[in-house]
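Heads up, the thing below is written out as structure tokens.
Indexing begins at 1, ligand by ligand and atom by atom, following the structure's order.
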Amino acid sequence: MASLTADAVVIGAGPNGLVAACVLADAGWDVVVVEAADDVGGAVRSAEVVPGHVHDLFSSFYPLSAASPVLARLDLAAHGLTWRQAPAVMAHLVEPADAPAAVLHRDALDTAAGLEAEHPGDGDAWLRLVDHWNRIRDPLLDALFTPLPAPVPLARLLARMSPSETLWTARLATLPVHRLGQELFGGQGGRLLLAGNAAHSDVPTVGALSGVLGWLLAMLGQDVGFPVPEGGSGRLSAALASRAAAAGTRIVTGARAERVVVRGGRALGVVCADGTAVRARRAVLATCPAPTLYRQLLAPGDVPAGVVAALRHFEWDTPTVKANWSLREPVPWRAKAARTAGTVHVGVDMDGLAEWSTALAVGRPTGHTFALVGQPAVADPSRAPGGGESLWAYSHLPRGHDTTRDADALIDRMEALIEAHAPGFRELVVHRFVQRPGDLESADLSLVGGALNGGTAQLHQQLVFRPMPGTGRPETPVERLFLAGAGAHPGGGVHGAAGSQAARAALHGARLGGLPGRALSGLQRALARPSPWDPA
Ligand SMILES: Cc1cc2nc3c(=O)[nH]c(=O)nc-3n(C[C@H](O)[C@H](O)[C@H](O)COP(=O)(O)OP(=O)(O)OC[C@H]3O[C@@H](n4cnc5c(N)ncnc54)[C@H](O)[C@@H]3O)c2cc1C
């Protein structure tokens with residue numbers, strides 16, 4: 001049992017926790033990170049499961065990392081990170097299994113040529129979309145990665161567009177991707193590139209916000225690719241941990257935070273399950289999901305009644321099921337273009353995606369299967385020996401229909417889907433392991449019930465509604481306590497923004513004898529109220 005003291009204690013050594021530690025330590029704070037697992041990385045870890053086969057255990061491709069101004073500032077290349085790119089970014093396969101794939105190439109002209117061949121005019125439509133993205137991407141990414149209300153990047157963003165362009169861009173931000181695709185493209189290809197990317201989130205493709213999510217990921221893919229770290233996703237976490245340690249951070253693994261100690265409405269430190277206590281002179285940053293923080297780590301008496309009431313409206317994203325196969329050869333996709341893509345979307349077309357994603361959102365089993373498939377060795381041959389592959393696929397179950405049996409049936413469907421599109425795939429398997437929702441949660445406590453986003457990405461839990469109606473900022477109603485993980489604004493994905501924003505909020509809050517921090521916590525307390533229609 002250790003007793004430590006630091007300026008700040010960070011709960012969780014996933015990407016957000018490690019980024020938060022870097023930002024605080026760079027500002028001269030003394031930082032301790034406590035991590036429940038035996039190694040760092042959270043949902044950014046890999047392992048050599050079979051000799052020579054390095055499998056990404058959770059996340060796998062990192063457009064958000066490559067584009068993140070937060071990570072760019074950390075110079076992770078100096079800490080051993082090397083990005084690798086597949087020849088093509090992604091492909092979307094639909095029935096029949098030998099139908100041409102929609103392909104996002106590294107070069108926008110190549111993507112456009114493929115779309116144009118399918119439907120005249122779609123190539124130009126793609127290039128116009130890319131032009132618009134190129135004009136606004138820097139201030140847009142800054143606005144996303146700055147705590148709300150982000151007035152400076154927002155002003156820069158508005159300055160890049162005429163009033164009418166601003167209106168159209170705002171409209172795009174509200175559109176369902178199903179509709180956006182119909183407005184932009186005559187053929188299936190362009191529509192699928194947007195909608196397949198939107199389906200990385202749990203927003204139904206007929207729901208508001210799915211348009212902008214699909215657009216953002218597709219444009220990032222066109223811009224920076226879907227890169228993978230050479231040697232496995234764990235190399236990204238190793239680089240982050242090395243960067244944090246170089247700045248002076250102490251990381252304690254195998255230490256599950258059990259309680260955040262609060263006195264007089266102020267967070268004073270963390271006590272871990274093994275008895276390790278870390279006193280925090282200035283701040284506690286929690287990267288766990290909001291319900292975990294408020295319902296488990298804080299004593300009931302330290303949580304304002306308004307937060308308890310607001311949390312009743314909190315919605316998790318859907319349980320994830322992942323299967324992994326070590327292959328002796330690459331996947332023999334019928335659609336040849338898919339052999340060069342790092343990521344493959346497989347299973348359903350636009351209507352199928354609409355039905356699949358809506359069924360998931362309403363909690364109903366569906367006959368459709370949509371799988372995200374990753375073949376990282378296409379970008380990084382070091383992932384598998386002898387030209388093989390360390391393949392994975394994941395999909396989701398509706399909440400409430402996520403038993404072991406449901407998960408195994410979904411794994412069978414994903415496997416059958418890959419076999420249908422790549423006959424002979426099953427014969428190439430030398431090893432298989434699966435991760436059901438419970439397995440994901442036991443490996444990373446933040447993946448509650450297999451939710452990979454810290455809560456739904458739907459509009460009603462984004463921006464000032466994330467994780468509950470409030471300021472959309474990292475401050476909590478408890479002074480000196482900050483939400484720093486994927487459950488906080490701007491949400492999931494490996495970009496480090498939530499961690500960086502929490503660290504900056506802590507630094508800012510500690511100025512002037514802690515006055516700004518007290519004011520912003522007070523504002524969160526004032527906003528944490530039951531809805532007018534909640535029972536009294
Ligand atoms: C299967 C899967 C695939 C994904 N694919 C991608 C992808 O390809 N690209 C992408 O950008 N994103 C992807 N994501 C999402 C991305 O990985 C997450 O959004 C991101 O890792 C969130 O970072 P985080 O630091 O907030 O949380 P995490 O990475 O989940 O880390 C949280 C850490 O906190 C620790 N922790 C939790 N509670 C406690 C506690 N009480 N005490 C101590 N430690 C604690 C956990 O053990 C964990 O190490 C994927 C996620 C999953 C699960």
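Remark: ligand 1 and G493 share an N or O pair separated by less than 3.5 Å (distance only, no angle test). Not a single N or O atom of A484, backbone or side chain, sits closer than 3.5 Å to an N or O atom of ligand 1. In terms of N/O distances under 3.5 Å, ligand 1 is approached by A257. Checking only distances, V494 does come within under 3.5 Å of ligand 1, N or O to N or O. Residue-to-ligand polar distances keep C288 apart from ligand 1: every N/O pair is separated by 3.5 Å or more. Considering backbone and side-chain atoms alike, Y62 places every N or O at 3.5 Å or more from each N or O of ligand 1. At least one N or O atom of A43, backbone or side chain, sits closer than 3.5 Å to an N or O atom of ligand 1. Residue S60 has at least one N or O atom closer than 3.5 Å to an N or O atom of ligand 1. An N or O contact shorter than 3.5 Å links F61 to ligand 1 by distance. Polar contact check, R45 against ligand 1: no nitrogen or oxygen pair lies under 3.5 Å apart.
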Test log, rule side chain to side chain contact (heavy atoms under 4.5 Å, CB included), inputs D302 and V260:
CA-CA 10 Å; D302 294 326; V260 174; over 6 Å; no

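In this structure, I11 has a heavy atom closer than 4.0 Å to ligand 1. The shortest heavy-atom distance from A255 to ligand 1 is under 4.0 Å.
Closer than 4.0 Å to atom 49 (O) of ligand 1 lies at least one heavy atom of the protein.
Side chains of H55 and S46: a donor-acceptor N/O pair is absent below 3.5 angstrom, by distance only. Side chain to side chain, S390 and H53 meet the donor-acceptor criterion of an N or O pair below 3.5 Å. Counting only N and O atoms by type, the side chains of D202 and T456 include a donor and acceptor under 3.5 Å apart. Remark: the W333 side chain and the Q375 side chain contain an N/O donor-acceptor pair separated by less than 3.5 Å. Between the side chains of E415 and W325, at least one donor N or O lies within less than 3.5 Å of an accepting N or O.
Atoms of ligand 1 found under 4.0 Å from any heavy atom of L447, numbered from 1 in the order shown, are 53 (C). Residue-ligand proximity, G485 to ligand 1, at heavy-atom distances under 4.0 Å covers atoms 26 (O). Near G42, meaning under 4.0 Å from any of its heavy atoms, are these atoms of ligand 1: 29 (O), 31 (O), 48 (C), 49 (O). The distance from ligand 1 to the heavy atoms of G14 drops below 4.0 Å at these ligand atoms: 25 (O), 29 (O), 31 (O), 33 (C). Below 4.0 Å from some heavy atom of G492 lie the following atoms of ligand 1, by number and element: 19 (O).
Scanning the protein heavy atoms around atom 14 (N) of ligand 1, the nearest turns out to be S59 CB, 3.7 Å. For atom 35 (C) of ligand 1, the nearest non-hydrogen atom of the protein is E35 OE1, 3.3 Å. Looking only at heavy atoms of the protein, atom 38 (N) of ligand 1 is closest to L445 CB, 3.7 Å. Annotation: atom 37 (C) of ligand 1 to nearest protein heavy atom, S446 OG, 3.3 Å. At the top of the distance list for atom 44 (N) of ligand 1, counting protein heavy atoms only, stands A36 N, 3.0 Å. Looking at atom 22 (C) of ligand 1, its nearest protein heavy atom turns out to be A486 CB, 3.8 Å. Scanning the protein for heavy atoms near atom 23 (O) of ligand 1, the closest one is P15 CG, 3.3 Å. Scanning the protein heavy atoms around atom 24 (P) of ligand 1, the nearest turns out to be N16 ND2, 3.5 Å.
Note on R243 versus D26: salt bridge recorded, some NZ/NE/NH1/NH2 to OD/OE distance being below 4.0 Å.
When the heavy-atom distances from atom 53 (C) of ligand 1 to V270, D444, L452 are ranked, the shortest goes to L452.
Within the 4.0 Å heavy-atom criterion, the part of V34 lying near ligand 1 is the backbone and not the side chain.
Between H200 and Y394, the gap from one ring centroid to the other reaches at least 6.0 Å.
Contacts of W215 classified as side chain to side chain donor-acceptor pair (under 3.5 Å), with partners at least two apart in sequence or in another chain: none. Considering only residues two or more places apart in sequence or on other chains, S210 meets the side-chain contact (heavy atoms from CB on, under 4.5 Å) condition with P176, V177, A198, V203.
The only option from N16, V44, V19 that meets the side chain to side chain contact (heavy atoms under 4.5 Å, CB included) definition with V494 turns out to be V44. The residue from V271, V32, V33 that alone fulfils the side chain to side chain contact (heavy atoms under 4.5 Å, CB included) condition with V278 is V32.
Between the side chain of Q461 and the backbone N or O of R466, no donor-acceptor pair lies under 3.5 Å. In this structure a side-chain-to-backbone donor-acceptor pair under 3.5 Å is present from S442 to G438.
The aromatic rings of H431 and F433 are tilted relative to each other, their planes meeting at an angle between 30° and 60°.
Counting heavy atoms of neighbouring residues, nucleotides and ligands inside a 6.0 Å radius, atom CZ of R259 does not exceed 12 of them.
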